[in-house]
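Have a look at the structure below, then the notes.
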Amino acid sequence: LVPKARVIYKIAGLFEARKLLLVGYVLYESAETVRIVFEPKSRTVEPETLMESLFRLTDLETRIGLNLNVLDGQGVPRVMSLRQALQAFLDHRHVVLIRRSNFRLEAIANRLEVLGGYLVVFLNLDEVIHIVREEDDPKQALIERFSLSDAQAEAILNMRLRALRKLEEITLRDEAASLKAEKAGLDALLADDKKRREFLIDELRDIRAAFGEKTPLGRRRTEIGAPPDEIAVPMGALVEREPITVLCSHKGWIRAIKGHGTGAESKYKEGDRAQFVITAETTDKLVVFATNGRFYTLGCDKLPRGRGFGEPLRLMIDLGNDQDIVAVFVHQEGRRLLIAASDGRGFVVGENDVIAQKRQGKQVLNLGAGAEATVCAVADGDTVAVIGDNRKLLLFGLDDTPVMSRGRGVILQRYRDGGLADVKTFNLAEGLTWRTGERTRTHGELDDWLGARGQVGRLPPSGFPRSNRFS
């Protein structure tokens with residue numbers, strides 16, 4: 001049960017911190033019952049989305065996890081299922097019933113022993129009184145005269161005079177008869193496992209009758225129900241949308257600057273320079289591809305802001321110092337990527353399949369010995385252009401490259417020396433383009449470079465950059 005004041009303070013704090021982005025106004029109308037009115041920020045806000053965001057951020061709805069990592073009856077730590085936990089409870093109740101019955105039998109035996117001593121007094125009242133008055137050690141004398149136990153003699157000496165009434169003898173005999181009947185019932189209960197199970201069932205029914213949900217003592221104040229259906233809340237519903245420019249330097253320092261078109265004026269640390277300048281919005285996901293073949297995912301709203309140099313990207317994801325960043329881009333639903341390693345192997349992967357949920361990222365491109373991931377390009381068009389460090393260019397159909405979710409892929413181009421330098425996809429009818437300085441050149445006659453996937457290729461057209469890069 002969550003206190004009303006805590007819910008209200010939590011909502012007020014989130015509203016002032018501008019974390020309830022879908023809420024335009026909050027009105028508290030609580031009296032004896034809790035009533036909080038939320039006014040959406042705009043008419044386009046869906047009520048279900050608004051309430052789901054409130055349920056996630058506040059205590060309006062609380063989900064209680066059941067942790068059954070317990071010690072069992074033998075003191076062994078283990079994780080139980082709900083059925084096993086309930087069975088352990090019933091087994092415990094069975095053990096308690098046996099121990100309680102044995103304890104009661106011991107108490108009955110002690111009481112019957114004492115009652116036997118009391119009955120001796122009533123049968124020999126005058127002689128008992130004489131022994132008590134005349135003997136120096138009446139307790140020992142009583143034991144020897146009437147063959148009593150120590151407990152019986154002690155109980156007789158502790159009797160009050162008022163207990164000597166004649167009527168008390170009848171009461172004691174009735175009590176002894178009742179105790180013997182109870183003892184017989186307990187002996188029968190301990191001797192029959194079925195009777196003990198039936199006794200436990202009756203006991204649980206009595207508890208339910210006394211503390212069930214329909215009784216004043218058992219009526220719930222908090223509603224406990226089945227988990228609600230998951231509502232897909234878009235990221236933009238929980239993050240304030242604003243344009244940003246993401247800057248990632250050559251040494252891996254990343255930051256976000258408010259607005260678009262502001263990256264050209266940014267400064268970097270001494271000895272560092274710009275490597276990736278990406279226009280995005282705070283509601284976008286940023287995807288990072290590294291030389292270890294892993295993809296990492298960051299929320300653009302989580303990127304460091306301000307006028308500084310940002311933070312090392314390696315502190316935000318689990319990227320080793322011996323690994324470098326290959327590509328950084330904004331995630332687009334349904335897009336396909338062509339990824340490749342330095343040994344010339346690669347494949348096409350759906351961008352939805354590379355989104356990672358953890359800092360460790362998601363291994364997509366498996367690497368061979370000595371190879372590292374070198375290329376991540378958007379898979380558009382109908383043709384793949386591959387060029388190696390040996391300056392050999394090969395073109396083949398994009399359909400010849402398999403679509404996979406993980407693996408080493410297939411051989412895109414073979415090399416005798418060096419490895420893969422760059423990959424690009426394009427429409428063959430539009431020609432192959434590349435950048436030379438500030439200019440973009442297009443070459444349309446490409447029949448000499450068309451071949452099958454896995455071939456070596458031939459030298460590129462004249463004017464192709466000496467860096468062996470398309471851009």
Side-chain angles (χ1 to χ4, degrees), residues 246 275-276 278-280 284-297 324-356 361-368 371-388 392-415 419-435 440 442-444 446 449-455 457 460 464-465 468-471:
V246 180
Q275 184 174 16
F276 302 101
I278 305 158
T279 58
D284 290 332
K285 293 180 181 178
L286 195 68
V287 182
V288 179
F289 184 54
T291 54
N292 57 4
R294 287 182 174 270
F295 280 90
Y296 305 87
T297 307
D324 293 324
I325 300 170
V326 176
V328 180
F329 54 90
V330 174
H331 171 59
Q332 292 185 18
E333 292 283 343
R335 190 167 60 177
R336 298 195 305 170
L337 304 172
L338 176 60
I339 56 177
S342 58
D343 58 1
R345 303 182 72 97
F347 58 91
V348 175
V349 61
E351 193 168 322
N352 294 346
D353 295 330
V354 306
I355 298 301
K362 187 174 184 180
Q363 187 71 47
V364 176
L365 180 60
N366 296 334
L367 303 173
E372 61 180 19
T374 55
V375 174
C376 178
V378 177
D380 287 336
D382 54 16
T383 306
V384 178
V386 186
I387 189 168
K392 294 294 182 68
L393 175 66
L394 174 66
L395 308 181
F396 56 88
L398 180 61
D399 293 339
D400 294 336
T401 307
V403 178
M404 304 169 61
S405 60
R406 179 176 178 174
R408 288 191 63 189
V410 296
I411 297 177
L412 304 180
Q413 187 179 22
R414 297 185 184 274
Y415 312 100
L420 183 143
D422 201 3
V423 176
K424 180 180 182 179
T425 60
F426 66 101
N427 288 313
L428 185 62
E430 298 174 0
L432 178 63
T433 61
W434 61 82
R435 291 184 62 83
T440 300
T442 303
H443 194 87
L446 300 172
W449 292 272
L450 288 174
R453 176 183 56 77
Q455 291 182 342
F464 193 85
N468 295 331
R469 300 283 178 177
F470 294 105
S471 60

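Thr440 pairs by the side-chain hydrogen bond (donor to acceptor under 3.5 Å, both in side chains) definition with Arg435, not counting sequence neighbours. Among residues two or more places apart in sequence or in another chain, the side-chain hydrogen bond (donor to acceptor under 3.5 Å, both in side chains) test is passed with Thr433 by Lys424. Every residue was checked against the side-chain hydrogen bond (donor to acceptor under 3.5 Å, both in side chains) condition with Arg469, not counting sequence neighbours, and none meets it. Among residues two or more places apart in sequence or in another chain, the side-chain hydrogen bond (donor to acceptor under 3.5 Å, both in side chains) test is passed with Thr297 by none. Every residue two or more places apart in sequence or in another chain was checked for a ring pair (Phe, Tyr, Trp, His ring centres under 6.0 Å) with Tyr296, and none qualifies. Residues that satisfy the side chain to side chain contact (heavy atoms under 4.5 Å, CB included) test with Lys392, not counting sequence neighbours, are Asn390, Gln413, Val456, Leu459. In this structure Phe470 satisfies the ring pair (Phe, Tyr, Trp, His ring centres under 6.0 Å) test together with Phe464, sequence neighbours excluded. Taking Ala280 as the reference, Ile244, Val246, Asp284, Cys300, Val330 meet the side chain to side chain contact (heavy atoms under 4.5 Å, CB included) condition, with sequence neighbours excluded. Residues satisfying the salt bridge (Lys or Arg N to Asp or Glu O under 4.0 Å) test with Arg294, not counting sequence neighbours, are none. Residues passing the salt bridge (Lys or Arg N to Asp or Glu O under 4.0 Å) test with Asp422: none are found, sequence neighbours excluded.
The heavy-atom pair separating Asn468 from Gly388 by the smallest distance is ND2-O, 3.6 Å. For the pair Ala340 and Leu420, the tightest heavy-atom approach, listed with the atom from each and the gap, is CB-CD1, 4.0 Å. The heavy-atom pair separating Gly457 from Leu394 by the smallest distance is CA-CB, 4.1 Å. Of all non-hydrogen atoms in Cys376 and Phe329, the two that sit nearest each other are SG-CE2, 3.8 Å. Residues Pro460 and Ile387 approach most closely at CG-CD1, 4.3 Å, considering heavy atoms. Nearest heavy-atom pair across Ala373 and Leu367 is N-CD2, 3.8 Å.
Counting heavy atoms from C-beta outward, Leu398 and Arg336 have side chains that approach closer than 4.5 Å. Side-chain atoms of Trp434 and Pro465, non-hydrogen and from C-beta on, do get closer than 4.5 Å to each other. Side-chain contact between Thr383 and Asn427 is absent, with no heavy atoms from C-beta onward closer than 4.5 Å. Side-chain contact between Val364 and Ser405: absent, with no pair of heavy atoms (C-beta onward) separated by less than 4.5 Å. Within the 4.5 Å cutoff, no side-chain heavy atoms of Val326 are placed close to those of Thr374.
Distance alone, capped at 3.5 Å, places no donor-acceptor pair between the Arg414 side chain and the Gln455 backbone. Checked by atom type and distance alone, the side chain of Asp382 pairs as donor or acceptor with a backbone atom of Leu428 at under 3.5 Å.
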Begin with the C-alpha distance, continue with both residues' side-chain angles, and end with the deciding distance and a verdict on side chain to side chain contact (heavy atoms under 4.5 Å, CB included) for Ile325 and Val288.
CA-CA 7 Å; Ile325 300 170; Val288 179; 3.9 Å; yes
Show, in sequence, the C-alpha distance, side-chain angles and deciding distance for Ile339 and Phe295, and conclude whether the side chain to side chain contact (heavy atoms under 4.5 Å, CB included) test is met.
CA-CA 11 Å; Ile339 56 177; Phe295 280 90; 3.8 Å; yes
Leu432 vs Thr442, side chain to side chain contact (heavy atoms under 4.5 Å, CB included): CA-CA, chis, key distance, verdict
CA-CA 5 Å; Leu432 178 63; Thr442 303; over 6 Å; no
Go through the steps to decide whether Leu412 and Val384 satisfy the test side chain to side chain contact (heavy atoms under 4.5 Å, CB included), and finish with yes or no.
CA-CA 9 Å; Leu412 304 180; Val384 178; 5.6 Å; no
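Separation of atoms CG (Leu337) and CG (Leu365) is listed at 12.0 Å; rounding is to 0.5 Å.
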Identify every side-chain donor-acceptor pair in residues 341-353 under 3.5 Å, counting partners at least two apart or on other chains, and give the distances.
unit_1, atom_1, unit_2, atom_2, d
Ser342, OG, Glu372, N, 3.1
Ser342, OG, Glu372, O, 3.4
Asp343, OD1, Arg345, N, 3.2
Asp343, OD2, Arg408, NH2, 3.3
Arg345, NH2, Gly409, O, 3.0
Glu351, OE1, Arg335, NE, 2.6
Glu351, OE1, Arg335, NH2, 3.2
Glu351, OE2, His331, ND1, 3.0
Glu351, OE2, Gln332, N, 2.7
Glu351, OE2, Arg335, NH2, 3.3
Asn352, OD1, Gly334, N, 3.3
Asn352, ND2, Glu333, OE1, 3.3

